[in-house]
Number of protein chains: 2
Amino acid sequence: MPAVAKPSPAANARGRRATRASGDDRERAILETAEQLLEERPLSEISVDDLAKGAGISRPTFYFYFPSKDAVVLTIIDRLVAAAAGSREQALKTLAAGDPRAGLRQGLEDLYSAFSSRRAVTLAAAELRMTNPEARALWAEVMEGWVADVALVIEAERARGAAPPGEPARDLAIALVQMNERVQYATFADESPSLEQDRVLDVLVEIWLRAIYGTAEPN
Amino acid sequence: MPAVAKPSPAANARGRRATRASGDDRERAILETAEQLLEERPLSEISVDDLAKGAGISRPTFYFYFPSKDAVVLTIIDRLVAAAAGSREQALKTLAAGDPRAGLRQGLEDLYSAFSSRRAVTLAAAELRMTNPEARALWAEVMEGWVADVALVIEAERARGAAPPGEPARDLAIALVQMNERVQYATFADESPSLEQDRVLDVLVEIWLRAIYGTAEPN
DNA sequence: AACTTTATCAACACTGTGTCGAGTAAGTCA
DNA sequence: TGACTTACTCGACACAGTGTTGATAAAGTT
């Protein structure tokens, strides 16, 4: 027989066990507690004990379900990311079908709403990214996905003559996607200079359209 | 006589005392240690003990000089910010004088180099901003300064007919300045999708110029 | 030489993390 | 049904890090 096999049902990602017994409820309770507490205060001000208490268990028992506080948040972020990936698929389809400009606006809109509907989690993701390599990698994957898509769209628009040439499509895409991330974060966090919720889309769309389709003619 | 006066020479900002004795060297040693360690690892992996050891003192003695690790970094950031403010002044002058487009590129260039020359500190600032309100406020001030300047420039260019109308100048300025922050951070941190050092300026300048001077004509 | 200011650190109290090992309760099957 | 396994629980511990206290020493001041 093979050396080791760890025949547990489903050694799930992020190092969290895969229960099937009543402990399943506990796991859910921990995740719900985390989401709820994140609405109230930043991740750095939430302790493992807070999560355990919120789920009605002791701190050591928490570690039966998750290897760390970070793992809990990572699990939550996973879900957000999956939802957002859905938005991206959708946006790409819209874009491929009709008018790219309308599609682009639609895409940015979907994206914005995907994250604004989970404001607290989005902010926690940004916080975790600072200290946790796994969170960084996960986010990088997400960003890479969008950048690749956007670069394709820009290239297609240039190919059919709708967009003027300019800096490499991928580079443009990186800057635009990162702009969206930052602008949206600032708005969610209600930072000092930040756009009002209802202005975000108009402004981003104008910049995207001008950056992709516009030229800055001399004088 | 007035109730209390705290006649200490200069009750300096950020809660750090104003020494004049030999302890002045220690203070500098702590700051230098911090900058040096930040080149090696993120702020979250540097402890007060590391700073004390690096400065050749014990941990309690550290607290004689600074009230916390954060205060040390805040002091360092203060300097970076002051230098960057100088860049901004300079950029504004260049902009007011000659061709706004050339001035704009010059401004973005100065800004970029101000931060890239202190990469480690810039990254630490971003990290600290996540958990420390003072760092947040300081950064907000910096951003506000640039946004205000950029908004003025955009309005001036629109007024003299060089730039087309569009979204409110301030909103545009916020998005553009935040884009720069994010793109530069990603490059400094060598994030997964990020621009190469030598591509950052070209890409940012193109987007700025198009966003300010370009129009996205139909089709 | 008495007195103040500056500087130093051992020892402590506290908060938070993660682990160990002893337990219980419920299910499996011989 | 009783021995055995698996899922689950938590008290007690060991650690790492923060910030404070109080005693002390070394300069500088009058």
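Residue numbers begin at 1 in each chain, while the letters A, B, ... track the order of the sequences. Because only heavy atoms are used, hydrogens play no part in the values below, and waters and symmetry mates are left out as well, while side chains stay in.
- Put simply, the side chain of A:Gln184 reaches to within 4.5 Å of the side chain of A:Leu204, judged on heavy atoms.
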Checklist line | side-chain contact (heavy atoms from CB on, under 4.5 Å) evaluation trace for B:Phe115 with B:Leu80 | finding: CA-CA 8 Å; B:Phe115 287 98; B:Leu80 173 62; 3.9 Å; yes

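- Between the side chains of B:Ser192 and A:Glu144, no donor-acceptor pair is found at a separation under 3.5 Å.
- Between A:Phe64 atom CZ and D:dG11 atom C1' there is a gap of 17 Å when expressed in whole angstrom units.
- The side chain of B:Thr61 contributes no N or O atom lying less than 4.0 Å from OP1 or OP2 of C:dA7.
- Around atom CD of B:Glu196, no more than 12 heavy atoms belonging to other residues, nucleotides or ligands sit under 6.0 Å away.
- Protein atom CG of A:Leu51 is 12 Å distant from nucleotide atom P of C:dG16, rounded to whole Å.
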Pull out every protein N or O sitting under 3.5 Å from an N or O of nucleotides 26-28 of chain C, one pair per line with the distance.
none

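- For B:Asp24 and C:dT6, the CG to C1' distance is 12 Å, given to the nearest whole Å.
- Proximity of B:Thr33 to B:Val72: side-chain heavy atoms (C-beta onward) are nowhere separated by under 4.5 Å.
- Note on A:Glu32 versus A:Arg28: no salt bridge recorded, every NZ/NE/NH1/NH2 to OD/OE distance being 4.0 Å or above.
- OP1 or OP2 of C:dT6 has not a single side-chain nitrogen or oxygen of B:Tyr65 nearer than 4.0 Å.
- Evaluation of the salt bridge (charged side-chain N to carboxylate O under 4.0 Å, His left out) test over residues 172-187 of chain A, restricted to residues two or more places apart or in two chains, returns A:Arg129-A:Glu181, A:Glu181-B:Arg182, A:Arg182-A:Glu191, A:Arg182-B:Glu181.
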Next item on the list: Produce a footprint string for nucleotides 17-24 of chain C: one letter per nucleotide, 5' end first; B if the base is under 4.0 Å from any protein heavy atom, S if only the sugar-phosphate is, - if neither.
Entry: BBB-----

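- Contact annotation: the side chain of A:Leu74 never approaches that of A:Asp78 to less than 4.5 Å [non-hydrogen atoms, C-beta and beyond].
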Tabulated below should be each protein N or O lying under 3.5 Å from an N or O of nucleotides 22-26 of chain D; please produce it.
none

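- Rounded to an integer number of Å, the gap from CG of B:Asp25 to C1' of C:dT8 is 15 Å.
- Between the P atom of C:dT8 and the NZ atom of B:Lys53 lies a distance of 16 Å, rounded to the nearest Å.
- The environment of B:Glu141 atom CD is sparse: at most 12 non-hydrogen atoms of other residues, nucleotides or ligands sit within 6.0 angstrom.
- Listed by first then second residue, pairs satisfying side chain to side chain donor-acceptor pair (under 3.5 Å) with a partner in residues 49-60 of chain A read A:Arg41-A:Asp50, A:Ser47-A:Asp50, A:Asp49-A:Lys53, A:Ser58-A:Thr61, not counting sequence neighbours.
- Rounded to whole Å, atom C1' of C:dA7 lies 10 Å from atom CD1 of B:Ile57.
- Taking the salt bridge (charged side-chain N to carboxylate O under 4.0 Å, His left out) definition, one finds that A:Arg105 meets it with A:Glu109, A:Asp202, sequence neighbours left out.
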